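Remember, it's a predicted structure, so these values are computed and weren't measured experimentally. Whatever order the structure lists ligands and atoms in, that order sets their numbers, starting from 1. Positions are given from 1, in the same order as the sequence printed here.
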Amino acid sequence: MTVEAPASHLRENPFEIARQQLRAVGETFGIDGDLVEVLSECKKAVEVSIPARMDDGSVAVFRGYRVTHNIARGPSKGGIRYHPDVTLDEVKALAMWMTWKCALMGIPFGGAKGGVVCDPKTLSKRELERMTRRYTTEIINEIGPERDIPAPDVGTNAQVMAWIFDTYSMNKGHSVLGVVTGKPLLIGGSLGREEATARGGLYILRDALAKKGMACPDARIAIQGFGNVGSYLARFLTQDGATIVALSDSSGGLYNPKGIDVAAAAAHKGETGALAGFRGADPITNEELLELECDVVAPCALEQVIHGGNADRVKARIVLEGSNGPTTPEADEILEDAGVLVLPDVLANAGGVVVSYFEWVQGLQEYFWKEHEVNAKLNEIVTRAFNETWETHERRGVSMRLAAYGLGVQRVADATTTRGLYP
Ligand code: GLU
């Protein structure tokens, strides 16, 4: 049985978008054309076939990828996505964005990404484990603590990282903590890693609201997606005093202008498996959520949800990109013209990879930090990146996206020039 991908959520080729963004950065920041050419390609892309035994005794054959975009600043870093719509070009785009993200944060990594075309919701835990262990084995020569370090992304979690860590370690004959991040705490994970992407988003949003003379208690916020990022973000923003007017997951959205009880909605999802049917709010669609009357909209699900067809209907003044690539370049222009402040993915969701860096360092040193130390260091790094991006945005009169990508690309370009072209 070969697993086929159904019709995709991707309206445009994400790798074309990523390259288009790179070209715009090259022009705006005067980066050497040859360097832009080098950076517009991925260093290495591996495609593997993953046969895995299903519980009924049959064999399913999945397709998997691991792409390294660039390693000029350090080993490549990036998550692994399990989703039916995964394509090689999506993984390449996500790998390129990881390169800019790590550079913008000033952490010593390049960019990578992995993906398996599958629907993890339809696989049993044992099927997922067998598939993950075979995928890990197929890419075992690509990954490693000094080479390429995976982490969770859409459709994967700490348990999947535990299987990757175990498979790699069994093959090496000893535990290799640095091979993967986002591991469970019990086996070398970092305190604060699971919450880190949302916590980084919270710090970035606080900084951005302050620039507008606002604070969380003044803000009405709609969040699309209730996975790792969206669910923690909703909780943290509630604790900070914000009003969460809308939430959603793949089953649909919830809207309550007076504010949703996030803990109760999460409990409902815990019991029923979906946000749909929660009594404390009215049902809305995922599309309607993006167009609500509110201060901040935070797409925390998949790519290209804000596009040329709906960007002019976004009423929020701030877009916080909790997911990677949620806004197309066409939508970016429309939002920019309308004066909407877009806090781009490489800035807004970088908290995850920053604490992944801390987990990698702790694993290599076998010395583990307290949670408040992790959070304080996270805040320091993302706030510095916000201030640098804001300063570039103001000084050059460019969008926050162009400023953030520009800083990231410039650092990678400088590293490449300094190292020189081999041979
Ligand atoms: N998948 C996350 C991202 O897109 C985390 C990557 C990592 O921690 O390496 O940033």
Side-chain angles (χ1 to χ4, degrees), residues 14 18 65-71 73-83 86 90-105 107-116 120 139 142-145 147-158 160-161 164-165 177-184 188-190 192-201 204 225 227-230 232-233 299-303 320-326 343-363 374 377-378 381-382 385 404-405 408:
Y65 306 100
R66 185 71 190 172
V67 173
T68 291
H69 170 252
N70 187 280
I71 57 164
R73 301 182 60 266
S76 53
K77 187 86 192 78
I80 291 173
R81 173 170 297 203
Y82 286 177
H83 193 276
V86 164
E90 182 194 36
V91 179
K92 285 183 172 180
L94 291 162
M96 188 187 283
W97 291 326
M98 286 308 302
T99 304
W100 314 146
K101 194 187 298 186
C102 293
L104 177 65
M105 292 299 125
I107 58 176
F109 290 134
K113 207 78 173 197
V116 176
I139 61 166
E142 312 307 323
I143 60 175
R147 183 182 283 257
D148 176 27
I149 306 128
D153 195 77
V154 173
T156 56
N157 55 22
V160 174
M161 298 307 116
I164 297 174
F165 160 70
L177 286 180
V179 68
V180 73
T181 59
K183 297 183 293 299
S190 173
R193 173 61 185 88
E194 191 172 283
E195 306 88 336
T197 310
R199 199 179 289 283
I204 294 294
N228 171 277
V229 184
Y232 277 115
L233 188 64
C300 299
L302 294 168
E303 304 98 318
L320 179 74
E321 294 190 336
S323 54
N324 293 309
L343 301 167
D345 43 15
V346 297
L347 180 65
N349 71 34
V353 75
V354 169
V355 178
S356 275
Y357 167 52
F358 300 159
E359 179 176 332
W360 180 73
V361 167
Q362 292 170 79
V374 169
K377 286 182 164 64
L378 168 63
I381 288 183
V382 298
Y405 283 43

Under 3.5 Å: donor-acceptor pair, side chain of Lys77, backbone of Pro150:
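Answer holds: yes.
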
Are the side chain of Glu90 and the backbone of Pro14 linked by a donor-acceptor contact shorter than 3.5 Å?
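The answer is no, because no donor-acceptor pair under 3.5 Å joins these two groups.
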
Asn157 and Asn228: side-chain donor and acceptor closer than 3.5 Å?
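Checked: Asn157/Asn228 side chains show no N/O donor-acceptor pair below 3.5 Å.
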
State, with a plain yes or no, whether a side-chain heavy atom of Ile143 is found less than 4.5 Å away from one of Ile164.
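Side-chain contact under 4.5 Å: yes.
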
Validation row: His69, Met98 side chains within 4.5 angstrom (heavy atoms):
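SC-SC contact between His69 and Met98 ruled out.
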
Please list, chain by chain and in numerical order, all residues satisfying salt bridge (charged side-chain N to carboxylate O under 4.0 Å, His left out) with Glu142, sequence neighbours excluded.
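For Glu142, the residues satisfying salt bridge (charged side-chain N to carboxylate O under 4.0 Å, His left out) (neighbours in sequence not counted) are Lys44.
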
Residues in the immediate environment of ligand 1 (any heavy atom closer than 4.0 angstrom):
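Its neighbours under 4.0 Å (heavy atoms only) are Lys77, Gly78, Gly79, Met98, Lys101, Lys113, Ala151, Pro152, Asp153, Arg193, Asn324, Gly352, Val353, Ser356, given by chain and number.
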
